[in-house]
Amino acid sequence: MKIWLIGAYGIVSTTAMIGAKAIERGISPKIGLVSDLPPFKTLDEHIPFKFEFGGHEIRPMGNAYLAAREHWEMNRHFERDILEAVRTDLEDIVAKKGTAINCGSGIEGLGKIETLEEEGLTLGEIVERIAEDIKSFSDGETVVINVASTEPVLKWSEEYHSSIEGFERMIDEDKKEFASASMLYAYAALKLKLPYANFTPSPGSSIPALKQLAEKNGVPHAGNDGKTGETLVKTTLTPMFAYRNLEIVGWMSYNILGDYDGKVLAAADNKESKVLSKDKVLEKMLGYSPYSITEIQYFPSLVDNKTAFDFIHFKGFLGKLMKFYFIWDAVDAIVAAPLILDIARFLLFAKKKGIGGVVKELAFFFKSPMDVDIINTHEQFKLLESWFSRLS
Ligand code: NAD
């Protein structure tokens, strides 16, 4: 299968490419891949583990190998031998120039960027260019995944975002102030009838106009924001408190990270979407809102080693207050990259089974799953398992 990555030179994208190629070459194990677990073994019959990659970028890095090497120099997130073993595969992956419309002040931290809008193109022309790039790469077995930097919270427009007609009018009338890059990429993918996933908290395909388009075109899509670290632990642990009828009184989550993602999230406008995405999970699972602090701060020397410090204040029998602490210290790209391959395979599987619209059963992979209130990781896993066994 083929995967088109928006943000192709990012650390999550390049780590997914390296992992896929290293596994194909038999030099790395499939550890970390959900789709390799026993309940999903028959997926190999539908979607063999073989990938081709392409994508859009705004950082002119030359090719995916050069981008990956830069990430490796900073993070050393796996053995260098693995990178060199897949070097030629990655050198062949050259991303197309993308758009960064309304991507916020955070992307200024990315260094030199080149975008389609700098060429003076209208929204219509930008969408056309993006769609042409994707079309010339894709085949009937292609999935588009957004792994670009997080955009600021959407400036909602009833007129342009609530229907396909409104969205297309926004493009025709070149109303750039209401568009954002992630929506334009999602629109292009869904128009081309290619399954789409949003691994970021950016709007992507989650606005009503694009949900309608996915339904109309019978294209499966899923999102938003990969659940990989602190939120994964939070949504796995919270049910324990709920099952034992322990009241969570307060939950403080303090995240520090470096690298490009940390730099972009250090900008207040870009950070707001991530905090919102993380914040909502407790209320959804518990049915009440404990006092909650969610902080994300840039900490350059950590690079991609995200550290989350969590403090939970909870009440037990006789009203006694007690405390629970945990520290999650993981390499962000290492926990995220396999999910890109999993999501792509499950979405293509959905397409092959004739499914269109939001694939709620993929909620397991996301912090803010679309159209479903099941946030509990255990329930989400069961949902995925039974969906797959029903269809396969
Ligand atoms: P990164 O900064 O390494 O990669 C992002 C890439 O996107 C960069 O190469 C950047 O140049 C590119 N980009 C930015 N705006 C673009 C645009 N409009 N069009 C095309 N390319 C664009 O970040 P990352 O660590 O790889 O994370 C990628 C995304 O995934 C972020 O939004 C992050 O919040 C999200 N995410 C990551 C994790 C995780 O790493 N565990 C979990 C959940 C969500």
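What you see is a predicted model; the values in this text were computed from it and never measured. Start at 1 and go down the list; that is how both ligands and their atoms are numbered.
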Below 30° counts as parallel, above 60° as perpendicular, anything between as tilted: where do the rings of F167 and Y187 land?
tilted
Taking 4.0 angstrom as the limit, do K306 and D329 come out as a salt bridge?
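Here K306 does not pair with D329 in a salt bridge, since their nearest N and O are not under 4.0 Å apart.
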Does K96 come within less than 4.0 Å of E132, counting only side-chain N to carboxylate O?
no
Only heavy atoms of [X], strictly under 4.0 Å: list the atoms of ligand 1 that pass.
{"X": "A181", "result": "18 (N)"}
{"X": "D225", "result": "43 (C), 44 (C)"}
{"X": "T228", "result": "39 (C), 41 (N), 42 (C)"}

Tell me the contacting part of [X] for ligand 1: side chain, backbone, both, or neither, using a 4.0 Å heavy-atom threshold, strictly below.
{"X": "K227", "value": "neither"}
{"X": "L110", "value": "side chain"}
{"X": "A148", "value": "both"}
{"X": "T99", "value": "backbone"}
{"X": "T150", "value": "both"}
{"X": "S149", "value": "both"}

Classify the side-chain pair K227/T377 by whether it contains a donor and acceptor separated by less than 3.5 Å.
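Yes, side-chain donor-acceptor contact under 3.5 Å.
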S163 versus Q212, closest heavy-atom pair with distance
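Shortest heavy-atom contact: CA-OE1, 3.5 Å.
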Ring pair (Phe, Tyr, Trp, His ring centres under 6.0 Å) contacts touching residues 8-32 (sequence neighbours left out)
none
Please enumerate all residues that pass salt bridge (charged side-chain N to carboxylate O under 4.0 Å, His left out) together with R129, with sequence neighbours excluded.
E119
